[in-house]
Amino acid sequence: MIVVSDTAALAEHLSPLRHRADTIAFVPTMGNLHDGHLALVNQARAAADAVVVSIFVNPMQFAAHEDLDTYPRTLDDDLSALRKTGVDLVLTPSADDIYPNTSARHTAIHVPKLGDALCGKDRPGHFDGVCTVVYKLFRLVGPDIAVFGQKDLQQLLIIKRMVADLSLPIDIQSGATQRAEDGLALSSRNQYLSASDRAVAPLLWQTLQSCGATLTATPDCEPASIIDPARKTLEQAGFTVDYLELRELSTLQLVDSVDQECALFVAARLGDTRLIDNIQLAASS
Ligand code: PAF
């Protein structure tokens with residue numbers, strides 16, 4: 001496995017890879033890898049002849065008050081985990097390398113509408129930061145396939161839209177959300193949870209499942225009559241709910257019944273830790 005920390009040196013390492021591999025799959029990450037990331041890497045390996053992973057904590061997608069400085073950085077452990085999965089190349093650039101004039105002065109990519117709802121509302125500019133770095137990494141790596149997790153469903157939909165709008169020749173594939181045994185979606189931020197909050201956290205997925213099942217079984221019901229009590233259940237358990245919303249998948253517009261492809265999206269905080277999850281729903285027949 002080759003580790004390249006300098007984007008100027010990347011092309012020289014990519015060219016022998018391209019020579020021997022017909023297809024390259026790419027998994028962008030911010031490091032602190034867990035089984036969710038490794039599942040994406042395994043999916044990438046099954047889909048292509050060579051796999052490139054990036055590890056870059058992207059300052060442009062963090063607001064000033066967010067956890068950029070404390071975001072867990074575990075490069076040595078990440079590299080050992082990636083070595084075991086048979087990754088060909090890992091790119092670990094510095095912020096100065098990606099943003100020579102700082103991220104604040106960097107050209108930004110904005111995907112309208114899809115990036116404004118849900119997490120975009122609570123984290124203004126977040127998806128511009130994500131799209132900008134992902135676009136830049138796509139340009140540097142030149143993959144045929146890129147794999148993103150369904151846990152960040154809004155991010156996945158936005159990246160797909162960016163790739164379509166900018167006619168990038170990359171097949172965006174999605175990887176199923178990996179969960180702990182009790183259902184909590186794996187996330188680097190789970191480690192911030194106190195023991196008591198960790199015990200409560202699985203209620204998020206349980207609520208999505210039960211609420212999703214009721215919405216699907218009673219398509220004529222006003223969604224608010226099902227979603228509002230679910231929100232209260234979460235709040236009574238100690239969550240601060242940023243959103244719990246039923247939205248259609250292609251536009252992320254709010255919908256008032258499960259008669260089209262949609263998903264129930266949630267973001268909720270336990271203490272200082274913000275957790276997100278979603279469940280995709282389809283009409284029952
Ligand atoms: O999902 C993430 O870890 C990040 O948003 C990504 C896609 C690596 C961009 O920084």
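Atoms within a ligand are numbered from 1 in the order they appear, just like the ligands themselves.
When each of Leu75, Leu10, Thr92, Val90 is tested with Ser5 by the rule side chain to side chain contact (heavy atoms under 4.5 Å, CB included), just one qualifies, namely Thr92.
The pair Arg20-Asp49 fails the salt-bridge criterion, with no side-chain N (NZ, NE, NH1 or NH2) lying under 4.0 Å from an Asp/Glu carboxylate O.
Below 4.0 Å from some heavy atom of Gln155 lie the following atoms of ligand 1, by number and element: 1 (O), 2 (C), 4 (C), 5 (O), 7 (C). Atoms of ligand 1 found under 4.0 Å from any heavy atom of Val133, numbered from 1 in the order shown, are 9 (C), 10 (O).
Scanning for salt bridge (Lys or Arg N to Asp or Glu O under 4.0 Å) contacts around Arg179 gives Asp277, with sequence neighbours left out. For Asp97, the side-chain hydrogen bond (donor to acceptor under 3.5 Å, both in side chains) partners are Thr7, not counting sequence neighbours.
Among Gln61, His126, Lys151, Met30, the residue whose heavy atom lies nearest to atom 10 (O) of ligand 1 is Gln61.
If you look at Thr29 next to ligand 1, the close heavy atoms, those under 4.0 Å, all belong to the backbone.
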